[in-house]
S.K.: 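Take a look at the following structure, please.
Side-chain atoms are counted along with the backbone in the values below, which use heavy atoms only and exclude waters and symmetry mates. Since the model is a prediction, treat every value here as computed from it, not as a measurement.
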Amino acid sequence: MKGKTASLVVKTQSPEAAYQTNGVHQATIATFLHHIHHTLGFVGITTLQPFVVYAAFNLDKIREEDIIKSYIAYLENLKSGQLPSNETI
């Protein structure tokens, strides 16, 4: 697996403010993803900055469209190699 690259796409029910050390979950999203990134790194896979959608429930049409546009931009950056590695988060 060495030399491979992975990116994660995750969604949460809680808003971004809940994923702070002083938030409801008492941890950042990076903390929650640490074990996944660590496991991937253990087998030689480089992890990239994740695409995170916070508060992904009961979305209105405008928010859905914004998320889709953001995800397309994320994929374009991924394709062109412009996403930073996870270590820079």
Side-chain angles (χ1 to χ4, degrees):
M1 305 301 287
K2 187 174 182 173
K4 301 280 184 186
T5 304
S7 65
L8 299 175
V9 178
V10 297
K11 65 179 185 167
T12 71
Q13 182 173 346
S14 301
E16 187 172 3
Y19 291 92
Q20 305 301 318
T21 54
N22 62 345
V24 172
H25 300 297
Q26 300 285 307
T28 64
I29 198 73
T31 301
F32 281 97
L33 298 177
H34 171 76
H35 299 292
I36 297 169
H37 288 153
H38 181 75
T39 301
L40 292 169
F42 183 75
V43 296
I45 297 174
T46 300
T47 56
L48 300 175
Q49 186 177 36
F51 182 84
V52 182
V53 178
Y54 294 97
F57 62 99
N58 298 326
L59 301 174
D60 62 26
K61 190 71 172 166
I62 293 171
R63 177 79 170 116
E64 284 180 4
E65 290 172 0
D66 288 344
I67 292 168
I68 291 167
K69 287 177 188 174
S70 295
Y71 187 57
I72 289 170
Y74 176 87
L75 292 175
E76 289 171 350
N77 288 334
L78 180 63
K79 185 177 179 181
S80 67
Q82 294 180 15
L83 287 179
S85 68
N86 191 51
E87 289 77 29
T88 62
I89 295 176

S.K.: Which residues satisfy the ring-ring contact (aromatic ring centres under 6.0 Å, His included) test with Tyr74, sequence neighbours excluded?
M.R.: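 For Tyr74 the ring-ring contact (aromatic ring centres under 6.0 Å, His included) partners, ignoring immediate neighbours, are Phe51.
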S.K.: Under the side-chain hydrogen bond (donor to acceptor under 3.5 Å, both in side chains) test, which residues partner Thr21, sequence neighbours left out?
M.R.: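 side-chain hydrogen bond (donor to acceptor under 3.5 Å, both in side chains) list for Thr21, sorted by chain: empty.
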S.K.: How close do Ala55 and Pro15 get, heavy atom to heavy atom, and via which atoms?
M.R.: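 It is CB-CA, 4.0 Å.
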S.K.: Rounded to the nearest 0.5 Å, how far does NZ of Lys2 lie from OG1 of Thr46?
M.R.: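 Atom-to-atom, Thr46:OG1 and Lys2:NZ are 9.5 Å apart.
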S.K.: Sequence neighbours left out, what passes side-chain hydrogen bond (donor to acceptor under 3.5 Å, both in side chains) with Ser14? Give chain and number order.
M.R.: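 With neighbours one apart ignored, the set is His25.
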S.K.: Kindly write out the residues that satisfy ring-ring contact (aromatic ring centres under 6.0 Å, His included) with His38, not counting sequence neighbours, or none if the list is empty.
M.R.: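 Here the qualifying residues are His34.
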S.K.: Clusters formed by hydrophobic residues whose side-chain heavy atoms approach within less than 4.5 Å: which one holds Ile45, and what are its other members?
M.R.: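 Met1, Leu8, Val10, Tyr19, Ile29, Phe32, Leu33, Ile36, Leu40, Phe42, Val43, Val52, Tyr54, which link up through side-chain heavy atoms under 4.5 Å apart, make up the rest of the cluster.
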S.K.: Who passes side chain to side chain contact (heavy atoms under 4.5 Å, CB included) against Ala17, sequence neighbours left out?
M.R.: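 Not a single residue meets the side chain to side chain contact (heavy atoms under 4.5 Å, CB included) criterion with Ala17.
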S.K.: Which pairs, with at least one residue in residues 59-69 and sequence neighbours excluded, count as a side chain to side chain donor-acceptor pair (under 3.5 Å)?
M.R.: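 Output for this query is empty, none listed.
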S.K.: List in chain and number order the residues that pass side chain to side chain contact (heavy atoms under 4.5 Å, CB included) with Gln26, two or more places apart in sequence or in another chain; answer none if no residue qualifies.
M.R.: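 Side chain to side chain contact (heavy atoms under 4.5 Å, CB included) check on Gln26 returns nothing, list empty.
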S.K.: Sequence neighbours excluded, which residues qualify as side-chain hydrogen bond (donor to acceptor under 3.5 Å, both in side chains) partners of Thr31?
M.R.: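 Checked Thr31 against side-chain hydrogen bond (donor to acceptor under 3.5 Å, both in side chains); matches are Thr28.
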S.K.: Using the side chain to side chain contact (heavy atoms under 4.5 Å, CB included) criterion, which residues pair with Asn58? Sequence neighbours excluded.
M.R.: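 Partners of Asn58 under the side chain to side chain contact (heavy atoms under 4.5 Å, CB included) test: none.
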S.K.: Test of understanding: with side-chain hydrogen bond (donor to acceptor under 3.5 Å, both in side chains), list the residues that count as partners of Gln82, not counting sequence neighbours.
M.R.: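 With sequence neighbours excluded, Gln82 shows a side-chain hydrogen bond (donor to acceptor under 3.5 Å, both in side chains) to Ser80, given in chain and number order.
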S.K.: Atom CG in Leu75, atom OG in Ser7: separation rounded to 0.5 Å?
M.R.: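 The distance works out to 7.5 Å.
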S.K.: Taking ILVMFWY side chains as joined if any heavy atoms are under 4.5 angstrom apart, and letting links pass through other members, which residues group with Ile68?
M.R.: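 The other cluster members (ILVMFWY side chains, heavy atoms under 4.5 Å, direct or chained) are Ile72.
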